[in-house]
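Values reported hereafter were calculated over all heavy atoms of this structure, with side chains retained and with hydrogens, waters and symmetry mates removed.
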Amino acid sequence: METLLNPSKTPILFAPKTHLFKPYVLHSSFNPRPHTSFTGRQLSVTIVCKVKTSQGRKNDGKNNNNISKKILLSDSAPELSNEEGKAKTESGGGAWRVIRRLSKRVLSVLSNLPLAIGEMFTIAALMALGTAIDQGEAPEYYFQKYPEENPILGFFTWRWVLTLGFDHMFSSPIFLGTLILLGTSLMACTYTTQIPLVKVARRWSFMQSADSIRKQEFSDTLPRASVNDLGVILMGAGYEVFLKGPSLYAFKGLAGRFAPIGVHLAMLLIMGGATLSATGSFRGSVTVPQGLNFVMGDVLGPTGFLSTPTDAFNTEVHVNRFYMDYYDSGEVSQFHTDLSLFDMNGKEVMRKTLSVNDPLRYGGITIYQTDWSFSALQILRDDEGPFNLAMAPLTVNGDKKLFGTFLPVGDTDSPNVKGISMLARDLQSIVLYDKQGKFAGVRRPNSKLPIEIDGTKIVIVDAIGSSGLDLKTDPGVPTVYAGFGALMLTTCISYLSHSQIWALQDGTTVLVGGKTNRAKGEFPDEMNRLLDQVPEIVESPNSKQPDSIGG
């Protein structure tokens, strides 16, 4: 689309307005009234002068004392001298200025980028050390693990672990102090750097000088164009456009300026949630045989000084059943626990079968299925019983589980008691040995198939397992999740470019300049594409012929 411009009929655009001051004289009389004391009246003093103008500059040597000024003096009380006023201001505001100066220095130190990077590396090193050192063990464990006779690296012993709190690293004073220091640095950086940048980015800054526009990262000139048409094109490209006379200012991507503040707030949420988890949680583990109960509060123990129990701690948990699933090879694939939860009145409030990676959650408490054990073997002996034989874990090489029990045969009061040994790797098969330790056979629980060993008939009725459960409360989890979600969102937003464009109409020529904080390689291409869409102003052929009246 082209726009026709007839210079003979179109008024000159953006003609500068000139304001001329006309000379005038202000006259008044000066009637002094002498007073020896202040009586609450006012003294009016008028000085007569002439305001100099462009015409009056010729008479620069004449009437140069005719500047009019009216001064009102109150005689109600004498004014302080400059020295007295200055002394009073310094005495009253000196402490405040010292505090402000000190706070500025503290903020400048805390917002230092190398300091923040050092704090992050320190936290990472402490976290790695907390991963390498077993957490929450008894002091005797660290006495044996890190003895003074053979220190690690020549100096690291149990004294370092227990004195600095490395046995509970994530709630230790050194770790929490470093975390607080990093959070303070983030807040100081946000206050001193990010918020001022956002305030500057939100201002409408118009440029009235062509040289200022040409100094931008990108600049170009449109010989025959209108700044209004440029504004329409920029609005179509998603820019916010502002016009003020012959000047134009446009921007887009302001959210990218807010994103660093959001990143800092997200990191503060993550650190705050992690701190709350480390200092306000409860944890505990229990191995419960099938058919028995336990109370949650008896298992859970506090991990920090902010740990506070809830009403759910009085809930009683009953293990209804424990069972396992197996692969075709016989290896354990999954184990399950059927739990019932009862309140203080004995009413069942919840029931669920949990398994690995499928926990139970109730009242802010989470119960995980983490382990299993062999509790007892139920048998019939010579058709009598059933009897429960306790199964004990046996120490073997490797990480395989092995459990065993013993059934006495013969004289049980003899010092050399002999009997039948029973071994099991899991709950699906029992291996039996006679009094001499020779292999006697294998039976499956619930098979009801008897086996006779050394004149004793044995039937394996059931294998009773024990469920290994971990219980915990973690009040900081929602905050941490919210922080990570905000961190991912604000990190993506921070990649948005904040682009700014200025333009100035100079007759029929438009000067355009712009800059961006990101995507500096793509910004010139975008600008050229937008400027190519600006319509060119074409002069009408009739405008070249002078206007005439009559023939």
Side-chain angles (χ1 to χ4, degrees), residues 1-19 194 196-260 492-545 547:
M1 178 181 69
E2 297 182 352
T3 302
L4 298 179
L5 177 63
N6 190 341
S8 63
K9 297 182 179 180
T10 305
I12 300 175
L13 298 175
F14 313 114
K17 296 181 180 180
T18 305
H19 300 277
Q194 301 300 335
L197 286 177
V198 172
K199 289 181 178 180
V200 171
R202 293 183 64 184
R203 294 194 186 119
W204 302 350
S205 55
F206 295 95
M207 291 186 180
Q208 307 294 338
S209 171
D211 293 336
S212 300
I213 294 179
R214 292 191 181 98
K215 291 179 181 179
Q216 299 303 314
E217 298 175 0
F218 174 88
S219 63
D220 200 353
T221 303
L222 301 178
R224 293 182 296 274
S226 171
V227 72
N228 294 328
D229 294 337
L230 175 62
V232 173
I233 298 299
L234 293 176
M235 289 178 62
Y239 282 83
E240 296 286 338
V241 181
F242 306 93
L243 286 171
K244 183 180 180 182
S247 301
L248 177 144
Y249 172 67
F251 73 88
K252 75 173 181 178
L254 187 60
R257 286 295 188 182
F258 286 94
C492 295
I493 295 176
S494 65
Y495 283 96
L496 296 177
S497 299
H498 178 237
S499 303
Q500 296 173 283
I501 298 175
W502 294 269
L504 182 63
Q505 182 84 51
D506 185 9
T508 60
T509 301
V510 177
L511 300 175
V512 184
K515 66 178 182 179
T516 185
N517 64 334
R518 300 184 184 273
K520 295 184 180 294
E522 292 80 5
F523 182 68
D525 296 335
E526 180 187 4
M527 287 297 301
N528 289 326
R529 185 176 66 256
L530 293 175
L531 296 182
D532 289 342
Q533 300 177 23
V534 178
E536 182 181 1
I537 299 177
V538 180
E539 295 183 359
S540 174
N542 297 329
S543 64
K544 297 181 181 180
Q545 299 177 2
D547 295 340

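- When all heavy atoms of Val510 and Ala225 are compared, the pair lying nearest together is CG2-O, 3.4 Å.
- Applying the side chain to side chain donor-acceptor pair (under 3.5 Å) test to Gln533 and every residue at least two apart in sequence or in another chain returns nothing.
- Listed by chain and number, the residues in a salt bridge (charged side-chain N to carboxylate O under 4.0 Å, His left out) with Glu217 are Lys520 (sequence neighbours excluded).
- How far CD1 of Ile213 is from NZ of Lys215: 12.0 Å, rounded to the nearest 0.5 Å.
- In this view, Arg518 satisfies the salt bridge (charged side-chain N to carboxylate O under 4.0 Å, His left out) rule with no residue, not counting sequence neighbours.
- Smallest separation of non-hydrogen atoms from Ala503 and Leu230: CB-CD2, 3.6 Å.
- Listed by chain and residue number, Ala255, Ala259, Leu489, Leu496 satisfy the side chain to side chain contact (heavy atoms under 4.5 Å, CB included) test with Ile493 (two or more places apart in sequence, or in another chain).
- Of the inter-residue distances, the one linking Lys244 atom NZ with Gln208 atom CD reads 6.5 Å to the nearest 0.5 angstrom.
- Between Thr221 and the options Val512, Leu511, Asp506, a side-chain contact (heavy atoms from CB on, under 4.5 Å) holds for only Leu511.
- Atoms CG and OH, from Leu504 and Tyr249 in turn, are 16.0 Å apart once rounded to the nearest 0.5 Å.
- Taking the salt bridge (charged side-chain N to carboxylate O under 4.0 Å, His left out) definition, one finds that Asp532 meets it with nothing, sequence neighbours left out.
- Interatomic distance, CD of Gln216 versus NZ of Lys515, reported as 6.0 Å (0.5 Å rounding).
- The CG atom of Leu248 lies 11.5 Å from the OH atom of Tyr239; values are rounded to the nearest 0.5 Å.
- Thr509 and Pro223 make their closest contact through OG1-O, 3.2 Å (heavy atoms, listed as atom of the first residue, atom of the second, distance).
- The main-chain N or O of Ser499 is never found under 3.5 Å from a side-chain atom of Ser497 such that the two would form a donor-acceptor pair.
- By the 4.5 Å heavy-atom criterion applied to side chains, Glu522 and Thr516 are not counted as neighbours.
- A donor-acceptor pair under 3.5 Å is absent between the side-chain atoms of Gln194 and the main chain of Arg257, judged by distance alone.
- Here the CD1 atom belonging to Ile233 is positioned 12.0 Å from the CZ atom belonging to Arg529, to the nearest 0.5 angstrom.
- Using the six-membered ring where Trp is involved, Phe523 and Phe218 have ring planes that are perpendicular, over 60° apart on the 30 and 60° scheme.
- Residues passing the salt bridge (charged side-chain N to carboxylate O under 4.0 Å, His left out) test with Glu526, sequence neighbours excluded: Lys252.
- Across every non-hydrogen atom of Ala250 and Leu234, the tightest pair is CB-CD1, 3.8 Å.
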